[in-house]
*Asks:* 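Input: one structure, supplied below.
Every value quoted in this text rests on a predicted model; they were computed, and no experiment measured them. By convention in this document, chain letters (A, B, ...) are assigned in the order of the sequence lines, proteins followed by strands, and residues within each chain are numbered from 1.
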Amino acid sequence: MQYQAPKGMKDVSPKESYKWQYAEALAREVCAAYGFLETRTPVLEHTELFQRGVGDTTDIVQKEMYTFLDKGGRSVTLKPEGTAGAVRMFLENKLFSEAQPTKMYYLYCPVFRYEKPQAGRLREHHQFGVEIFGAPRASADAEVIALACALLGKLGVEQLSVNINSIGCPECRRVYNEALRAHLEVNYGALCETCKTRFEKNPLRILDCKEERCAAIVESAPRVLDYLCADCADHFAELKSCLEALGIAYWVDPMIVRGLDYYTKTVFEIISTEGAYKGTVCGGGRYDKLISELGGPEMPAVGFGMGMERLLLVAESFRPIPEPKPVDVYVAAMGGDARAAGLRLVGALRDSGVCAEFDHVGRSFKAQFKYADKLGARFTAILGEDELARGIIKLKDMADGVERELPLDGVDQIKKRIDEKN
RNA sequence: GUGGGUGUAGUUCAGUUGGUUAGAAUGCCAGAUUGUGGCUCUGGAGGUCGUGGGUUCGAGACCCACCACUCACCCCA
């Protein structure tokens with residue numbers, strides 16, 4: 001094979017695009033019901049945006065970004081996640097001066113991370129994400145969680161677990177970090193190498209470590225939830241009661257910390273617990289400091305990102321995605337004049353909203369029938385010299401083989417027969 | 001970045017200790033039916049055996065390197 005897509009990048013072929021369109025249509029439906037509007041931002045942003053927004057210490061920024069110099073010598077980066085670009089758009093368009101909150105979503109947003117690809121994790125993937133800016137109350141956190149659950153429900157994903165946690169604001173986190181360090185210090189020698197470097201920079205991340213020895217140490221560590229300040233504790237309590245009000249079952253998982261530095265207070269993950277693909281489908285949280293960190297006003301924010309490739313894997317492990325409707329009528333014409341008449345018929349049918357197909361290969365009648373069958377055509381309109389001379393077509397019902405003569409210009413009658421069938 | 005597995009037709013795969021012209025199924029095209037699909041039968045097209053080197057009289061098979069895919073780890077969606 002001479003050319004292939006770059007490593008970790010995958011095509012969506014015409015045969016499978018219906019799956020994406022199905023999920024996208026449902027996502028738009030849910031977003032509309034929840035009052036979110038779509039935003040579209042560039043695939044590229046200035047590198048500083050992510051260094052500042054995602055966090056210099058994260059693995060994403062340190063080693064996973066597609067960063068390069070453009071012809072003007074500026075360092076630009078393919079989006080490694082969706083939020084920073086949305087915030088930049090919000091600020092650049094001065095949307096903060098409108099009535100708040102601003103609720104928006106993005107669909108099929110390509111994001112890039114340079115890492116070794118594996119199941120459900122490519123170098124390029126596409127995100128569905130939502131953000132609410134300017135909404136301090138926990139009902140907003142609950143709303144984005146509810147939105148995610150609603151979409152998953154519509155896709156047939158029933159077995160899921162909503163895991164929530166709070167990592168507090170910078171103030172209570174500082175207190176907690178000290179307590180955590182004090183606990184970890186005793187066992188410092190036993191930590192894995194990466195965790196030793198995390199110890200100074202970001203001890204919270206050690207909670208997330210999958211190394212057995214680290215997990216053992218962390219087990220007895222103090223919990224963030226016990227160190228929340230009054231404001232953050234209230235917020236978390238409010239979140240729980242909002243979720244209860246919305247009828248969303250949840251688990252509090254104090255080990256969720258998320259990989260991005262910008263989170264404050266609420267963090268959450270939605271995990272598929274059954275089916276062929278188990279794992280996180282949706283992750284998000286609150287990031288009250290990010291907008292000001294990127295040069296905007298002090299304004300709270302909450303949102304989530306959902307990898308669409310993974311979403312489709314999960315959805316399909318529960319229930320097949322419905323295939324699009326097949327061709328309504330295949331027009332099989334043979335002979336020069338008949339083909340011309342057939343083309344006119346196809347055009348007229350299409351104008352009236354019928355999905356009509358025509359032969360562009362030069363197949364025999366027989367082969368055209370075969371092909372019509374392959375396309376799943378409900379009807380085949382037969383138009384040969386005889387029919388043309390009589391000004392009719394024979395409309396064959398492919399399911400029972402019954403043919404019926406209809407006038408060649410009888411688009412309405414053909415359409416009526418098709419509508420009866422649908 | 002670390003460690004495993006796998007690369008043979010469009011696809012899924014056989015291919016014996018290294019031995020003639022690399023096979024099957026499926027899909028595609030055509031014919032049987034000169035104007036009628038699905039079922040059946042017959043035929044056809046389709047392969048630089050991932051790439052490059054090496055061992056050998058002889059390599060799809062053995063050795064080395066590279067590339068790709070894939071799974072796990074790290075991390076994360």
*Asks:* Between Glu29(A) and Lys154(A), does any NZ, NE, NH1 or NH2 come within less than 4.0 Å of an OD or OE carboxylate oxygen?
*Replies:*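 So Lys154(A) pairs with Glu29(A) through a salt bridge.
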*Asks:* Determine whether more than 12 heavy atoms belonging to other residues, nucleotides or ligands lie under 6.0 Å from atom NZ of Lys325(A).
*Replies:*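 Yes.
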*Asks:* CZ of Phe50(A) versus C1' of C76(B): gap in Å, rounded?
*Replies:*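 Rounded to the whole Å, the gap is 16 Å.
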*Asks:* Taking the C1' atom of each, how far is A9(B) from A77(B), in whole Å?
*Replies:*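 Rounded to whole Å, the distance is 37 Å.
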*Asks:* Starting at the 5' end of RNA chain B, which residue's closest nucleotide do you reach first, Arg123(A) or Pro117(A)?
*Replies:*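 Comparing both residues, the 5'-ward one is Pro117(A).
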*Asks:* Can you tell me how far P of A77(B) sits from CD1 of Ile271(A), to the nearest Å?
*Replies:*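 Distance, rounded to whole Å: 11 Å.
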*Asks:* Should Arg52(A) and Glu293(A) count as an ion pair when the cut-off is N to O under 4.0 Å?
*Replies:*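 A salt bridge is present here (some side-chain N lies under 4.0 Å from a carboxylate O).
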*Asks:* If you count the non-hydrogen atoms of other residues, nucleotides and ligands that lie under 6.0 Å from CD in Glu323(A), is the total more than 12?
*Replies:*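 No, the 6.0 Å shell around CD holds no more than 12 heavy atoms from other groups.
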*Asks:* Whole-Å distance between C75(B) C1' and Ile256(A) CD1?
*Replies:*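 Roughly 16 Å, once rounded to whole Å.
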*Asks:* Let me have a per-nucleotide readout for nucleotides 1-10 of chain B, 5' to 3', with B, S or -, counting only protein heavy atoms under 4.0 Å.
*Replies:* BBB-------
*Asks:* Do the side-chain N and O atoms of Lys79(A) and Thr41(A) include a donor-acceptor pair separated by under 3.5 angstrom?
*Replies:*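 On atom types as modelled, these side chains qualify, holding a pair under 3.5 Å.
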*Asks:* Can you give one letter per nucleotide of nucleotides 27-38 of chain B, going 5' to 3': B for a protein heavy atom under 4.0 Å from the base, S for sugar-phosphate only, - for none?
*Replies:* -SSS--B-BBBB
*Asks:* Expressed as a whole number of angstroms, how long is the span from Leu313(A):CG to U70(B):P?
*Replies:*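 Roughly 12 Å, once rounded to whole Å.
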*Asks:* Can the positive tip of Arg363(A) be found less than 6.0 Å from the middle of the six-membered ring of Tyr371(A), inside 45° of the ring normal?
*Replies:*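 The answer is yes, since Arg363(A) meets both limits relative to Tyr371(A).
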*Asks:* Within the supplied structure, the quantity of interest is the number of heavy atoms (other residues, nucleotides, ligands) at a distance under 6.0 Å from Tyr114(A) OH; does it exceed 12?
*Replies:*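 It does not: Tyr114(A) OH has 12 such atoms or fewer within range.
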*Asks:* For Leu122(A), report the nucleic acid contact type (base, sugar-phosphate, nothing); a contact means any heavy atom under 4.0 Å.
*Replies:*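 Base, at least one base atom sits under 4.0 Å.
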*Asks:* Quick check on the 6.0 Å ring-centre criterion: do Phe128(A) and Phe304(A) meet it?
*Replies:*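 Yes - the distance between ring centres of Phe128(A) and Phe304(A) falls below the 6.0 Å cut-off.
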*Asks:* Could you state the atom-to-atom distance from NZ of Lys10(A) to P of A68(B) in whole Å?
*Replies:*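 Between P of A68(B) and NZ of Lys10(A): 18 Å.
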*Asks:* On a heavy-atom basis, which atom in Ala84(A) and which in Leu294(A) lie closest, and how many Å separate them?
*Replies:*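 The answer is O-CD1, 4.5 Å.
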*Asks:* When the C1' atoms of G52(B) and A68(B) are compared, how many Å lie between them, rounded to an integer?
*Replies:*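 About 14 Å, rounded to a whole number of Å.
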*Asks:* Dot-bracket for RNA chain B: what is it, with Watson-Crick or G-U pairs under 3.5 Å, [ ] where a pair crosses earlier ones, and | for a pair to another strand?
*Replies:* (((((((..((((.....[...)))).(((((.......))))).....(((((..]....))))))))))))....
*Asks:* Which pair of non-hydrogen atoms, one from Ile256(A) and one from Ile167(A), has the smallest distance, and what is that distance?
*Replies:*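 Looks like O-CG2, 4.0 Å.
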*Asks:* Could you tell me the separation between the OH atom of Tyr262(A) and the C1' atom of A77(B), rounded to a whole number of Å?
*Replies:*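 Distance, rounded to whole Å: 11 Å.
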*Asks:* Between the side-chain atoms of Arg121(A) and the base atoms of C75(B), is any donor-acceptor pair under 3.5 Å?
*Replies:*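 Looking at the base of C75(B), it does pair with a donor or acceptor on the side chain of Arg121(A) (distance under 3.5 Å).
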*Asks:* Has Arg319(A) got more than 12 heavy atoms of other residues, nucleotides or ligands less than 6.0 Å from its CZ?
*Replies:*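 Yes, the 6.0 Å shell around CZ holds more than 12 heavy atoms from other groups.
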